[in-house]
There are 2 protein chains.
Amino acid sequence: MGAGRRPGKPDTRGAILDVAREHFVEFGFAKTSLRGIARDAGVDPALVHHYFADKHALFLAALSISFDPVELVRRVASEGPDNVGHRIITTALTMWESPMGVTMLGAMRSDSALFGVFGPYMVEQIVKAAMAALQITRDEAQERASLMQAVMTGLVFSRYIMCVDPLASLPRELLIRDLAPILQHIITGDLDPRRARR
Amino acid sequence: MGAGRRPGKPDTRGAILDVAREHFVEFGFAKTSLRGIARDAGVDPALVHHYFADKHALFLAALSISFDPVELVRRVASEGPDNVGHRIITTALTMWESPMGVTMLGAMRSDSALFGVFGPYMVEQIVKAAMAALQITRDEAQERASLMQAVMTGLVFSRYIMCVDPLASLPRELLIRDLAPILQHIITGDLDPRRARR
């Protein structure tokens with residue numbers, strides 16, 4: 001590619017990422033638009049699309065997340081409902097305790113606005129993808145997603161960001177053993193005990 | 001009481017509360033001392049004791065909490081293990097949705113350091129009181145308290161402070177129905193399925 005055909009200055013991608021980060025923190029994932037980012041970065045919207053496939057890809061890049069959590073949870077969930085609670089908690093703990101996860105948590109600890117944007121993303125995109133992959137009916141999905149949201153938000157925030165004991169120092173194996181059946185119940189169990197007896 | 005016997009200037013109590021709030025936010029509940037607060041407020045430690053029965057009372061006053069959550073959870077838990085999950089979630093939601101709870105949540109939303117001090121307090125003092133009132137053995141208490149910590153922190157933080165859907169708009173009755181058996185399992189259930197089959 002000749003110099004005359006370069007799509008932007010060398011720091012254009014970085015400038016887009018900086019503006020994107022600000023927008024995601026200020027407006028959240030759902031209300032951020034690529035058009036608004038392009039405008040505030042002073043570039044053509046086509047240039048944003050040149051660097052990033054879609055809003056989701058731009059979001060992950062802006063938060064320095066080098067893998068796709070939605071794709072990961074979709075893969076884990078699509079193996080079916082048997083033992084999905086165990087697979088989800090194992091995958092989540094493995095991710096948060098990986099070098100990538102530790103870096104993300106460090107960033108969220110030092111800048112709480114990042115957790116403010118990742119938290120809702122985790123719920124809106126990741127939990128939603130899990131529900132869809134498990135073919136949970138729409139009216140039950142809200143309820144099961146809410147319970148999953150409570151457990152996963154509390155786990156990440158309290159164990160990894162605030163680091164509050166006893167959760168912060170509970171051995172990983174014990175946490176997996178204890179949370180697997182709780183998540184399994186939340187995802188596939190009968191939530192209404194009266195209905196179960198009928 | 002004559003003017004000459006007044007234990008401090010009219011704003012002494014307020015000055016102690018201001019310093020106490022700073023100390024609790026900076027050092028957390030466990031590491032804050034009445035002696036340190038007295039020193040930084042420039043008053044005699046005896047004066048702190050004159051106004052506040054103990055550190056716990058001073059903590060509640062500093063956070064403008066006009067009831068004792070530890071006493072409340074102790075009362076709820078001491079009715080015994082049957083249906084304790086239902087009683088705890090009903091009491092917690094009633095408290096957070098009362099005028100007092102709404103005021104506390106508003107303060108935590110506008111000053112996240114307050115959640116940083118109340119979160120650990122909730123776990124260290126309130127969950128511990130529940131475990132003790134239910135006579136849960138010491139080695140199991142850490143494990144059950146960790147799971148309760150994950151659920152309750154996630155519930156308060158995500159539903160009431162960050163206000164993230166779907167948890168934030170799930171009807172209260174549905175949340176009570178769904179979380180009661182989960183909390184019951186966390187508090188009294190068999191956490192080790194292999195042990196349960198033996």
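Just so we're clear, the structure is a prediction, and the values are computed from it rather than from any experiment. Residue numbers start from 1 in every chain, and the chains themselves are labelled A, B, ... in the order their sequence lines are given, proteins ahead of strands. Side chains included, hydrogens not; waters and symmetry mates left out as well; all remaining heavy atoms used.
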Evaluation steps, side-chain contact (heavy atoms from CB on, under 4.5 Å), between B:Y51 and B:T12: CA-CA 9 Å; B:Y51 285 114; B:T12 302; 4.1 Å; yes
Approximate separation, where rounding is to 0.5 Å, of B:R35 CZ and B:D40 CG: 13.0 Å
Same apolar cluster (I L V M F W Y, side chains within < 4.5 Å links), A:V102/A:L72: no
Any A:H185 side-chain heavy atom under 4.5 Å of A:L191 side chain: yes
Nearest-0.5 Å distance that lies between atom OG1 in A:T32 and atom NZ in A:K55: 6.0 Å
B:I187 versus B:I136, closest heavy-atom pair with distance: O-CD1, 3.7 Å
Separation between CZ of A:F59 and CG of A:D54, rounded to the nearest 0.5 Å: 12.0 Å
Chain A contacts, top residue of B:M148, B:Q149, B:Q142 (heavy-atom pairs, under 4.5 Å): B:Q149
Point-to-point distance, once rounded to the nearest 0.5 Å, from CG of A:L58 to CG of A:L34: 6.0 Å
A:F29 reachable from A:F27 in the ILVMFWY side-chain graph, under 4.5 Å edges: no
Residues in residues 77-96 of chain B near chain A [non-hydrogen atoms, under 4.5 Å]: none
Stepwise side-chain contact (heavy atoms from CB on, under 4.5 Å) check, A:E71 with A:H56: CA-CA 11 Å; A:E71 187 46 39; A:H56 191 210; over 6 Å; no
Residues forming a salt bridge (charged side-chain N to carboxylate O under 4.0 Å, His left out) with A:R39, sequence neighbours excluded: none
Atom pair CG (B:D11) and CG (B:L17), whose distance is rounded to the nearest 0.5 Å: 11.5 Å
Residues of residues 154-166 of chain B within contact distance of chain A, non-hydrogen under 4.5 Å: B:G154, B:L155, B:F157, B:S158, B:M162, B:V164, B:D165, B:P166
Ring centres under 6.0 angstrom apart (B:F118, B:Y121): yes
Check ion pair A:R21-A:E26 (N to O, under 4.0 angstrom): no
When A:A150, A:P120, A:G28, A:P171 are compared by non-hydrogen pairs under 4.5 Å with chain B, the top option: A:A150
Contact leader toward chain B among A:T153, A:D178, A:I186, where contacts are heavy-atom pairs under 4.5 Å: A:D178
Part of residues 123-135 of chain A lying next to chain B, heavy-atom separation under 4.5 Å: A:V123
